[in-house]
Amino acid sequence: MQILTAVLVLGILGFVFGAVLSFASKKFEVKVDPKIEQTIELLPGANCGGCGYPGCAGFAEAVVNKGVATTLCPVMAAENRKKIEELLGLNKIDKPDMKPVVKAALVKCNGLDTDEYKKFEYMGVPNCQAAVLLQNGPWLCPHRCMGLGSCVAACPFDAIKIGPHHLPEVDEDKCVACGKCVLACPKQLIEMVDKEKTVHVKCNSTDRGAETRKVCKVGCIGCGLCVKVCAYDAIKVADNLARIEYEKCVGCGACVVKCPQKTIIMETRPDFKGRVAVIDEEACIGCTICFKVCKFSAVNGGTPKEKHSIIPGKCVGCGLCAEKCPKKCIKMIDKA
Amino acid sequence: MNPIQQLTKGFWKDNPIFVIGLGLCPALAVSSSLSNAVGMGIAATFVLIGSNMMISLLRHLVPSKIRIPVYIVIIATFVTIIDKMIAAYSPALSASLGIFIPLIVVNCIILGRAEAFANKNGVFDSLLDAIGMGIGFTIALCCIAFFRELLGEGKLFGHAMPFFSKDPALIMIMAPGGFIVFGLLIALKRLMASKGGN
Amino acid sequence: MNTTTAALNTPAHGLLVTSSPHIYSGLTAARVMWDVNIALVPALAMAIYNFGARAALVVLASVLGAVLAEFLIQKFLMHKPVCVSDGSAVVTGILLAFCVPAALPIWVAFVGGFIAIALGKQVYGGLGQNIFNPAHVARALLLGSWPVYMTTWLKPGAAMSTGAAITDAMTCATPLGIIKTAGRDAELVKQLSESGTSLVSYVFSQLQIGFSDLFWGINFSGSLGEMSKAALLLGGLYLLIRGHITWHGPVAMCATVFVGALIFGGTLEYAAFHLLTGGLIIGAFFMITDMVTSPMTGCGQLIFGFGCGALTLLIRMKGGYPEGVCYSILIMNSLVPLIDKFTMPRKFGQVKAKEAQA
Amino acid sequence: MLEPKSFAGGLHPPEMKLTSDKAIKNLPLPDRVVLHVSQHIGAPAKPSHKITDKVSCGEVVAEAGGYVSAPIHATISGSVIAVGNFMHPFGVPSPAIVIERDPAVAEPPFTSENGLELSVAEIKKRIQDSGMVGLGGATFPTHVKLSPPDTKPIDTVILNGVECEPALTSDHRLMLEETDKVINGLQLIMKALNAKNGIIGVENNKPDAIKALDDKLKALPNITVQPLKVKYPQGGEKQLIYACLGREIPSGSLPMDVGVVVQNVASAAAIADAVNMKRPLLERIVTLAGNCVANPGNYRVRIGTTVCDFIEMTGGLKKDVPLKKVIMGGPMMGFALFDLHIPIIKGTSGVLCWDSEEAAQPHETSCLRCGSCIRACPMGLMPQKMKQLIDHRKWDKVDEIGMLDCIECGCCAYACPSALPLVQSFKLGKKNVMAERKKAPANKG
Amino acid sequence: MNDMLRMGSFLFIIAAVAGVLLGFTEMKTSPRILENRLKQLEQARAEVLPEAKKFNDIKSENPNEGLLYTAGFAENGDLAGIVVNVAPKGYAGPIEMVLGLKTDGSIAGVKILSQKETPGLGTKLADNVFLAPFKKLLQDKQKPVFKVKQDGGDVDGITAATISSRAFCVGVTEALGTFEKVREQLPTLTAPTALPAVPQSGDAK
Amino acid sequence: MGAELIAIFIVAIFIENVVLSQILGLCPFIGVSSKIDSATGMGFAVIFVLLLASVVTWSIQNFVLVPLQLEYLQTISFILIIASLVQFVEMVVRKTAPALYQSLGVFLPLITTNCAVLGISLINIKRGYNLVEAVANAAGAGIGFFFALLIMAGIRERLDICEIPESMKGAPIAFITAGLLATAFMGFSGLV
């Protein structure tokens, strides 16, 4: 008997509340697209703003409602991206070229930390922007990295640290190219570059060579030697500054060797001394292709069937011949 | 995630109290002695296991609009059962835990696990999760209670400890002591985590 | 470019470049803190006069605890430069010692000093960051932890050495303690009102003292540094003259207690009694003027002082504790962020702008 | 004489006015001047000469770059020896024209006439042509200030003779020695603006200047001298207007919104020359002071003279006192130089050469929340809170509590017992707040 | 509407199942809980009035007032004394205590049931630190004055917990007052034949 | 009668402050106390729910459970009522005041698990309050909660721009502050 009353009382309570709630849920319904909620769950939730929208929730809304590409989010794991696209029915649409390019931040300054290149010892708010406000910063070069770590503070992924010479160092494994550091840098020294690319111009000075030379040992003077040595036409000098067109650059390192200021560096190999082509004479059939492609007249020959050889003094190590050789008998060898 | 990880994640790494920050009220209110902490831990674990499994079983049946009331009814049932059991078999514990036994109903851990885990996972996983979280809850409670009882009463499980029992700092068994010990413990946990991480 | 103009761009090394302004008032945080220490010396002298070497020992233990905590935490936990020399830990240590009884076991004083800095200050990141007055945080925690020690009052002159046990003969009640117990005893109140003696004169007769004793801080018992109002006022005056504190807080707090006691107690005698007993003066001049834990504007400090005074009186007259200064200041400390928020100074040109919009 | 008036907040730093009894000395012409194209607020001027061009003193070498801009004149006769980037006093290499003096070419003479008889348009044109900018330091082109929109009639012109910056005395000497010119300049400005009243605000620590002006002004009932309390920053535009007239400029507005135009006394004197003699802005009075200087004093010097030449011409530095800090402007708002090969520009009111004792920099410690900064702030702001918000990059919140109202006067930092770099923080804060404000509408859209 | 019914009935079912479970639990546990409570009560009574073996609740004629006192009877059916519940106002709320009084009005025993005094101070009321001297006082002195020594009585108060100590004395005095009031009717009481009923709600106000 | 009600009310606000002394409702106390605005919203929501809940639970207890001898269903029926009530309120707020809903975010549904609401309802019954007393107690508790939340929010807004040690940021410092606040509130003990 007692159990029966319990069952009845609880049951009636339950029924009433269930009914009232379902009534209320109709009456006071606010439409929230379930897709948005699901998308939010799949997003990383770092709220880094790398996508350009206010936080992950804002991005989710944009993705669902405005059809914004999910690739805008630089952080998201590939499987989650797939899930979102599935959720929104996007995977049916053909997007063959949407392979996300994995980029990382690059700091375009390699300035040295010697008194010679300093205006004064900076004391004050430890913030690059603030330093710029005080006599345009403590460095003589007006383009020099302040080295006070505003980019470090801005990075939500702990991917930047200040290294030697007060220059920031980017940990490419951690960097997701969200772009916060780009905005934080008052000198606009940071650029997003493909992680695979290893050859960079570490300078952003547009001053004339003579002026740059006075304030920096390793600044780009716009001499154009790199342009001449590049077999791939991947470097341009404008406003006294060499700039690499990364889509053309193959990372041969010819410019690195040639650069008189050591402004251009090969990231992975600081001790890079350059390469030279060596022809395996036994395999060479004398097809003259290497002779024809070489832009530096560094290949002996030209007569068909005659075995080729490389003139070491002229070869810049661009590797064009090695790439084109049909017999694959040209090897690129590091100089000592 | 293998079953062992599923079970042990709640012990320390994802400890419901120190890391996730759920179920704080009982953590502070009944942690003034170790025996209370253990009693509360067992009660909560029982409810957690029961409700997690039940909700996991029913997860496909419950209409989402009334899922919260349904969860609560299920949880409340288990809570009432354990409440009555404790009252019947351990009246002293029942007296010292007071209204915090019925308040297990609203312990965020239980509802939180129901909503975040049992709602989405199978029965076995939910069971493991419940046991892990329950043990984690008990561990956290005992950690807090250890310091509070030792410093506040100079005792452990009611047994006087030499040195500490002479002039215990009474504030530790009162509300402020609970807050302070808890705050310092989370900070300590974080310090350890960051040291470990590096 | 010829050489003459090129010379114009050659830097001259070694010049100091900083942001404006280039001159400073010369006031430093350390100087403020050491000035507070100086201001506390008269009260310290009175404490030693009353309780002998024991007073010095308690102060020393508390200061030692505070300084040690500051040093250890800054050095080993925060890995920050150690700034014990700025004197702020010393101030906290002395202030804590000033609101505990002289008979407090030395180790309790040491622990108090330690937790004052550790829990009251360093958890928040050190100087300038804390919400609550560290000395009062420690006092409240000590009172909660060791209430017996914290309410065993040594009779002045009953010199007590380090290890000696306290006997009943060496202790006595404080004026506030007596008035609290007397006020709770319905029978006694009835007797007194029948015989026409006021509560205050009952207290005075019990302790055989008068107002002048209260003012000079002799012949009765209380916390170490709270006894001599004269010495505290001297120190307060010094701080006022040095410009380290403003009149707002102290005046508001004292006035609130005085006027409140006058209204609710009815007599001038009662009001004066509340003004001159307990930790009111030290609280008003040294605790609520603590820059870190009080509102920043004059208006805010008036509100703050009023709140401290009102709560002090409430606890003294209605609450469970005989003395309410410590708790009232802690409670008001917690309200400081809100007070600050609502007493923002008026921006120059602010009102006009609103009018213009309207 | 009127009662001294003032404003709320502010403070009283040591006056350090050791050169107030040093009469203005005319310096010889420099051998070389460096004329930066941006010596004023607004668009930089455009250089109109090439290397080797001959120029004569007073000739325009750079045309105004727009309406809010001012032309640059050659301040010596000679030839252009360089056009390119030279270090600007702000620390940025920026375009400048360098002229080397040709001793053979004499200064062209300037004839004088009574400017008050000219038409308003002519007065304004002459001022504009003279390259006149506010000489108090803000360097806002004067002709823009003198052409308010018709909807904003100006009733009062205030001449700023406060010179509240410690150590500077150039305006003080100018008022004493060229009283007539100052008053004449004020009359010209009033005529240009059709303003009825003129007030010359002078701080009470210059009784001789007040008396000199008062004596001359007896005949001019619509112009008065207003003695002001000695308090920094009494010379701030908003503070000065409030003190003189009791008018409060609404946050974000300009003096013209309350019917007032403020000009510096030095500008007024230069305006008199520009209108009466058609003489462009060639020189200014600069106070040279500091322990390291051999002959501190007030000097009339050609604009474009480098600081080292300037110091050399006055007699150089003391040999036995090592130079630690060089400040262009006053100690409160001036900026420190890292290099002396930098030219004096139109807004340079003083050069201070300090030894290490004068330049002593207190060590930064934690904020005590003492409220000194709040009491000192003449704008009624909360510097302490603003600093915290800036440190935590909360630009929206710092905007809310009035970041852009900060006038960077430095009172807060002067008063701060913890030596926090408040002013630098606020410069940073203002920059970011303005950037955020620009961004904000874009986000909404 | 359909939805409403569906949800309502779902909750109905869940709640009904819960009801069954709970009803079942209640059935199983309630006798034991009752027993526990009885035991507790008896224990308390036995502790404060050791001579009595049977008890009889005496209620006021005014139904609003509830329990007045409990009469205790020895094995042989003679009145052994009475048990009085009092709840004087302590430092932080009522101190619930139970006193056993012998037929001559002397105190047979005291027990603190519940209290909210400051831990470590007022809570010492329930400790031997306080109760032992108190019991000694009861043995040593014929007619002790139940006031704290500070107030001129005979009871050793707890240091720094005067208010709690005083409240204890007030409770004792109150219990003695109750005894005086009912003294006349005591001889008329008779021992009960069955076990006394236990109040349903354990927390008597 | 009146005095007793006032006593219950005052005690509930200060002496037995629901958060600082009874340690109830900590999750929202820590969760929603980072901004004054949302703390205010949450405070009002809790006051409202507390009042409503204590009236309804009291009625259920005294008009349904006690007559039917079903006291053992107390916990389950109370929580069911409170949960439904909160969800109902949530829906209404979401519809009628979207801004408030936004600022409270996930915490509105979490009022269900605010043990203060259930705790106060249970305490009302345990102490045998009549309806008016129960309402006074609930109002006091709600205001006490609001008060504590507001103070905490003020403090945390300030701490937000302070140099808190890294390991102390967030919850740890909030708890220690709450502990010190609770210590301060001990000053109120014995007030009534």
Side-chain angles (χ1 to χ4, degrees), chain C residues 1-2 4-33 83 86 88 125-129 243-244 246 290-298 300-301 336 340 344-357, chain D residues 13-14 32 34 81-82 84 86-87 93 98 166 238 248-253 306 323-327 331-341 359 361-362 365-372 374 377-382 384 401-402 405 408 410 413-415 417-419 421 423-424 427:
Chain C
M1 199 179 296
N2 65 33
T4 44
T5 52
L8 292 180
N9 270 343
T10 317
H13 279 294
L15 284 183
L16 182 65
V17 177
T18 57
S19 183
S20 63
H22 305 284
I23 48 174
Y24 295 88
S25 58
L27 190 68
T28 62
R31 222 167 96 187
V32 175
M33 290 302 165
C83 27
D86 67 12
S88 62
L127 186 61
Q129 317 292 326
H244 299 327
T246 58
D290 170 25
M291 297 160 171
V292 180
T293 55
S294 62
M296 308 225 286
T297 61
Q301 278 167 6
V336 164
D340 264 341
M344 291 239 284
R346 194 188 75 92
K347 264 193 304 185
F348 187 89
Q350 191 179 32
V351 173
K352 289 274 175 73
K354 272 183 194 156
E355 279 169 10
Q357 275 169 16
Chain D
R32 193 174 54 229
V34 179
I81 58 164
F86 288 86
M87 202 54 91
V98 184
K238 295 184 175 189
E248 201 171 309
I249 301 175
S251 168
S253 304
T306 55
L323 188 63
K324 185 67 187 172
K325 195 174 197 178
V326 178
I327 297 158
M332 293 299 281
M333 287 186 76
F335 40 88
L337 302 179
F338 67 93
D339 179 10
L340 299 186
H341 302 269
Q361 186 80 13
T365 51
S366 316
C367 171
L368 290 177
R369 287 174 42 84
C370 64
S372 301
I374 296 179
C377 183
M379 294 304 291
L381 303 175
M382 309 250 295
Q384 182 263 354
I401 63 169
D405 285 311
E408 297 172 26
Y414 174 84
S418 302
V423 174
Q424 200 191 0
K427 285 180 180 168

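Remember, predicted model here, so these are calculated numbers, not experimental data. Letters A, B, ... mirror the listed sequences (proteins, then strands); counts begin at 1. FYI, side chains are in, hydrogens and waters are out, and symmetry mates aren't considered; it's all heavy atoms of this structure.
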Taking all heavy atoms of [X] and all of [Y], pick out the closest pair and write down the distance.
{"X": "C/Asp340", "Y": "D/Arg369", "result": "OD2-NH2, 3.1 Å"}
{"X": "D/Pro14", "Y": "D/Tyr414", "result": "CD-OH, 3.1 Å"}
{"X": "C/Ser20", "Y": "C/His22", "result": "CA-NE2, 3.8 Å"}

D/Lys325 pairs by side-chain contact (heavy atoms from CB on, under 4.5 Å) with which of C/Val17, C/Leu15, C/Thr18?
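Passing option: C/Thr18.
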Proximal component of [X], with respect to chain C [non-hydrogen, under 4.5 Å]:
{"X": "D/Ala415", "value": "backbone"}
{"X": "D/Met333", "value": "backbone"}
{"X": "D/Lys427", "value": "side chain"}
{"X": "D/Leu337", "value": "backbone"}
{"X": "D/Leu323", "value": "both"}
{"X": "D/Cys367", "value": "backbone"}
{"X": "D/Pro93", "value": "neither"}
{"X": "D/Ile374", "value": "side chain"}

When heavy-atom pairs shorter than 4.5 Å are enumerated against chain C, which of D/Ala359, D/Pro13, D/Cys370 gives the highest number?
D/Cys370
Counting heavy-atom pairs under 4.5 Å to chain C, which of D/Gly371, D/Ser366, D/Pro331 comes out on top?
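Of the options given, most contacts go to D/Pro331.
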Residues two or more places apart in sequence or in another chain: which of them pass salt bridge (charged side-chain N to carboxylate O under 4.0 Å, His left out) with C/Asp86?
none
Restricting to side chain to side chain donor-acceptor pair (under 3.5 Å), what partner residues turn up for C/Ser19, sequence neighbours left out?
none
